[in-house]
Amino acid sequence: MSYIAEYQRSMNDPEGFWRNQAEKLEWFKFPQKILQQDADGVGYWFADGEMNTAHMALDYHVINGRGNQAALIFDSPVTNTKKTYTYAELTSEVARTAGMLADLGVVKGDRVIIYMPMIPEAVIAMLAVARLGAIHSVVFGGFAPPELAVRIDDATPKVILSASCGVEIKRVIEYKPLLDRAIDLATHKPESCVIYQRPQVAAPMIAGRDHDWATLLAASKAVGCTPVLGSDPLYILYTSGTTGKPKGVVRENGGHAVALKYSMKALYNVEPGDVFWASSDVGWVVGHSYIVYAPLLQGCATVVYEGKPIMTPDAGAFWRVCAEYGVKALFSAPTAFRAVKKEDPEGAFIKQYDLSKLKAIFSAGERLDTPTESWLAEVTGKPVIDHWWQTETGWGITGNLQGIECLPIKPGSSTKPMPGFNVQILDEHGERQPAGTQGYIALKLPLPPSCLNQVWGDANKFRDSYLSFLPGFYTSGDGGYIDEDGYVFVMGRVDDVINVAGHRLSTGEIEEVVAGHPDVAECAVIARDDELKGQTPMGLVVLKTGAAITEAELHKQLVARIRENIGPITCYQTTVVLARLPKTRSGKTLRKTLCNMVNGHEYTVPSTIDDTAVVPEIVETLRTKGLIS
Ligand code: COA
Ligand code: AMP
């Protein structure tokens with residue numbers, strides 16, 4: 001099969017193409033309606049099929065002879081723990097955990113927030129919620145209480161599942177005080193919290209509301225899978241947008257299972273029984289799709305890794321895990337590979353391990369820079385496959401189909417559109433751009449299975465945020481171009497989203513925190529290029545008249561505020577005090593000009609600028625501080 005034949009079939013006969021893929025899963029009732037579209041062209045996939053994602057991912061494999069095969073491999077260098085669950089064991093744990101949640105009153109459609117570190121119980125919790133037909137919303141552990149509180153108020157969970165702590169490289173992070181504070185801040189109060197007590201920290205419990213996980217689990221009975229419709233939500237995952245408030249991306253059960261199962265063979269070229277490792281966190285979309293659901297839907301073993309690419313204990317960590325478990329496909333973010341490259345530029349650690357089972361390395365989450373890509377390919381001798389996707393799609397939009405046809409790799413490109421995605425480059429008037437010309441990367445409707453078609457709790461937000469700018473298309477928020485061979489080059493966000501170590505953050509949200517400082521009159525937060533993390537946020541600040549604070553003291557206080565309000569993963573690193581910000585005559589801050597200036601890129605000063613003298617003023621300030629040459 002060639003890439004082009006596969007892709008064209010998905011375009012010419014989408015219903016036939018995705019019906020065939022859906023047939024590879026075990027439904028309780030196979031969908032009669034494969035695709036429905038509304039007047040705007042928004043697609044609804046497999047809406048009337050009856051199913052349960054946990055059944056497809058677990059029980060199905062046990063019934064079909066995979067009970068004794070490894071399903072989940074837990075490896076935690078930070079706690080010196082290793083544990084493997086077979087499909088039978090994982091299914092049994094999930095069924096009992098679902099029983100525990102049912103005892104707390106969780107039923108189909110209820111929301112359950114999961115705020116946990118990278119331990120098997122986090123995965124078990126997600127699958128247990130899915131088993132009941134309830135909706136999980138996992139919140140990344142690196143988010144601070146106010147961020148968790150916003151998600152609690154939006155998702156209104158009946159139950160929150162958490163753990164006593166997470167273990168980072170240099171410290172143990174107590175989760176329970178963060179959870180308590182978030183619940184204090186939130187208007188909505190969950191009926192119950194269930195806390196998994198880890199040996200490193202015993203969390204204090206609030207009587208009546210909090211329950212000990214192990215005690216409840218010991219008293220619970222296994223429950224079966226609740227049938228849901230293909231259109232019923234499996235989860236809500238919050239992601240940063242252009243406004244301060246995160247958007248709750250809703251993932252439907254049917255399309256999600258079908259697209260993810262398809263991607264495992266087509267893109268990653270893994271078969272049932274293979275070991276697959278996505279070294280992300282269950283708090284991000286990569287973790288949802290490729291640590292939890294896709295590998296299990298495919299009957300693979302998935303690795304759950306509580307550690308980092310470096311320092312746990314060294315830059316050989318990834319290669320050690322790959323060798324120890326016979327990983328066939330490794331998936332991580334460019335930041336992780338850059339960290340390894342920095343510590344081990346010659347690839348000395350790689351030589352210590354037998355990586356013969358590793359067939360390909362996949363990268364996503366941020367732009368894969370060419371030096372890192374070539375280094376990784378050279379030191380490992382493996383194909384390095386970049387692929388581009390978003391929380392909103394749940395799987396790759398562009399990629400190089402390793403299970404269909406391996407196309408030549410072009411550095412800087414995430415190759416070609418995945419089947420089902422009609423990727424086009426448009427200008428702001430919706431005009432298609434010629435090969436090689438940059439523009440907005442837009443996806444023609446309908447989107448393929450797994451992509452969002454609603455934002456939780458806001459009937460208009462999906463259309464307003466994604467569809468209104470270029471009618472008939474989903475606006476990805478990324479800019480880039482397609483070359484004459486059809487290869488897609490994603491160059492970066494064209495909105496206020498920034499990508500710090502593969503973590504998606506909103507500069508608008510960071511700005512709100514900076515602007516909240518009592519000495520700050522106004523500010524602009526922009527992305528500064530960073531050798532390791534891709535980008536880090538930088539604050540350009542104008543002080544209130546009479547404010548006596550020094551730049552260094554202000555920076556210290558802003559770092560603390562941002563850590564407390566958004567979380568340590570923000571990695572806020574630079575504050576520059578300016579006399580004034582460049583603005584248009586209508587008062588809009590020229591963030592793009594500032595961003596280009598700070599990063600030493602070419603910049604244009606729009607004719608609408610209020611006062612041209614401000615630009616040389618800022619350049620001088622940045623030069624004096626050694627931020628630009
Ligand atoms: N819970 C609580 N805190 C967390 C956390 C979690 N789950 N994850 C990260 N943090 C904290 C870290 O402890 C750190 O805090 P500190 O500033 O007090 O030290 C901060 O958030 C930043 O963490 P991180 O971005 O991981 O930076 P680092 O310097 O500790 O490690 C790397 C650097 C390169 C090793 C790390 O960024 C990395 O592994 N990146 C790859 C990330 C990735 O896979 N992203 C893809 C998501 S799809
Ligand atoms: P998230 O929703 O957190 O997965 O972040 C999605 C964003 O990350 C995209 O809109 C891109 O800006 C960026 N991104 C993800 N993968 C890639 C990639 N392979 N190349 C370039 N940018 C990427």
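Note that ligands are numbered from 1 as they come in the structure, with each ligand's atoms numbered from 1 the same way. Reckoned from all heavy atoms, side chains included, excluding hydrogens, waters and symmetry mates. Count residues from 1 along the sequence.
- Near Asn499, meaning under 4.0 Å from one of its heavy atoms, ligand 2 places the atoms 8 (O), 13 (C).
- Within ligand 2, counting atoms from 1 as listed, the ones closer than 4.0 Å to a heavy atom of His387 are 16 (N), 18 (C), 19 (N).
- Closest heavy-atom approach to atom 2 (O) of ligand 2 within the set Val285, Asp369, Thr391, Val286: this belongs to Thr391.
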### Task
Test ring pair (Phe, Tyr, Trp, His ring centres under 6.0 Å) on His387 and Tyr268 and set out the steps.
CA-CA 11 Å; His387 58 317; Tyr268 302 103; 5.5 Å; yes
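- Per-atom contact check: atom 12 (C) of ligand 1 touches the protein, criterion being a heavy-atom distance below 4.0 Å.
- Scanning all protein heavy atoms for the shortest distance to atom 24 (P) of ligand 1 gives Lys533 NZ, 3.9 Å.
- Scanning the protein heavy atoms around atom 45 (N) of ligand 1, the nearest turns out to be Ala501 O, 3.2 Å.
- Considering backbone and side-chain atoms together, Thr335 places no N or O closer than 3.5 Å to any N or O of ligand 1.
- Side-chain atoms of Ser164 and Arg198 include no donor-acceptor pair closer than 3.5 Å.
- Checking Gly477, Ser240, Gly365 against atom 14 (N) of ligand 2, the nearest heavy atom belongs to Gly365.
- Listed by atom number, the atoms of ligand 1 under 4.0 Å from Ile173 heavy atoms are 2 (C), 3 (N).
- At the shortest separation from atom 6 (C) of ligand 2 among protein heavy atoms lies Trp389 O, 3.5 Å.
- Short contacts between ligand 1 and Ser279, defined as distances under 4.0 Å to a heavy atom of the residue, involve ligand atoms 44 (O).
- In the vicinity of Val286, heavy-atom distances shorter than 4.0 Å reach the ligand 1 atoms 48 (S).
- Heavy-atom proximity to Gly142, at under 4.0 Å, picks out these atoms of ligand 1: 1 (N), 2 (C), 3 (N), 4 (C), 5 (C), 6 (C), 7 (N).
- For Glu168, a nitrogen or oxygen atom sits less than 3.5 Å from a nitrogen or oxygen atom of ligand 1, counting backbone and side chain alike.
- Side chain to side chain, Asp75 and Tyr325 meet the donor-acceptor criterion of an N or O pair below 3.5 Å.
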### Query
Should Tyr238 and Trp456 be marked as a ring pair (Phe, Tyr, Trp, His ring centres under 6.0 Å) after you check the CA-CA gap, both sets of side-chain angles, and the distance that decides it?
CA-CA 9 Å; Tyr238 289 87; Trp456 181 258; 8.7 Å; no
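- Closest to atom 10 (O) of ligand 2, if we only count protein heavy atoms, is Asp478 OD2, 2.5 Å.
- Between the side chains of Thr335 and Glu366, at least one donor N or O sits under 3.5 Å from an acceptor N or O.
- In this structure, of Ala336, Ala315, Cys571, Pro309, the residue bringing a heavy atom nearest to atom 39 (O) of ligand 1 is Pro309.
- Contacts of Ser289 classified as side-chain contact (heavy atoms from CB on, under 4.5 Å), with partners at least two apart in sequence or in another chain: Tyr235, Leu260, Val285, Trp389.
- Listed by number with element, the atoms of ligand 1 under 4.0 Å from a non-hydrogen atom of Arg171 are 13 (O), 15 (O), 16 (P), 18 (O).
- Of all protein heavy atoms, the one lying nearest to atom 46 (C) of ligand 1 is Ala333 CB, 3.5 Å.
- The Pro568 neighbourhood of ligand 1 comprises atoms 11 (C), 15 (O), 20 (C), 21 (O), 22 (C), with distances under 4.0 Å to a heavy atom of that residue.
- A donor and an acceptor atom, one from each side chain of Thr81 and Ser76, are nowhere located under 3.5 Å apart.
- Residue Leu355 holds its CG atom at 9.5 Å from CG of Leu330, rounded to the nearest 0.5 Å.
- Atoms of ligand 2 found under 4.0 Å from any heavy atom of Val490 (numbered from 1 in listed order, with element): 21 (C), 22 (N).
- Contacts between Tyr115 and ligand 1, counted as non-hydrogen atom pairs separated by less than 4.0 Å, are absent for every part of the residue.
- Inspection of the Tyr440 and Glu428 side chains reveals no N or O donor paired with an N or O acceptor under 3.5 Å.
- Figure legend: cation-pi geometry between Lys410 and Tyr487, with NZ or CZ positioned under 6.0 Å from the six-membered ring centre and within 45° of its axis.
- In this structure, a donor-acceptor pair under 3.5 Å is present between the side chains of Ser263 and Tyr290.
- For atom 48 (S) of ligand 1, the closest non-hydrogen atom on the protein side is Ser280 OG, 3.3 Å.
- At a 4.0 Å heavy-atom cut-off, ligand 2 does not touch Trp284 at all.
- Remark: ligand 2 atoms within the under-4.0 Å shell around heavy atoms of Asp386 are 18 (C), 19 (N).
- The ligand atoms of ligand 2 that sit less than 4.0 angstrom from a heavy atom of Glu366 are 14 (N), 15 (C), 16 (N), 17 (C), 18 (C), 19 (N), 20 (N), 21 (C), 22 (N), 23 (C).
- The shortest N or O to N or O distance between Arg504 and ligand 2 is under 3.5 Å.
- Taking the six-membered ring where the residue is Trp, Phe140 and Trp284 present tilted rings, their angle falling between 30° and 60°.
- Scanning all protein heavy atoms for the shortest distance to atom 26 (O) of ligand 1 gives Lys308 NZ, 2.8 Å.
- Interface of Arg563 with ligand 1, defined as ligand atoms under 4.0 Å from a residue heavy atom, comprises 16 (P), 17 (O), 18 (O).
- The two residues Ser240 and Val497 come nearest to each other via the heavy atoms O-CG2, 3.8 Å.
- Taking a cut-off of under 4.0 Å to the non-hydrogen atoms of Ala339, the atoms of ligand 1 that pass are 34 (C).
- Side-chain polar atoms of Asp478 and Gln390 form a donor-acceptor pair below 3.5 angstrom.
- A side-chain donor-acceptor contact under 3.5 Å links Glu252 and Asn453.
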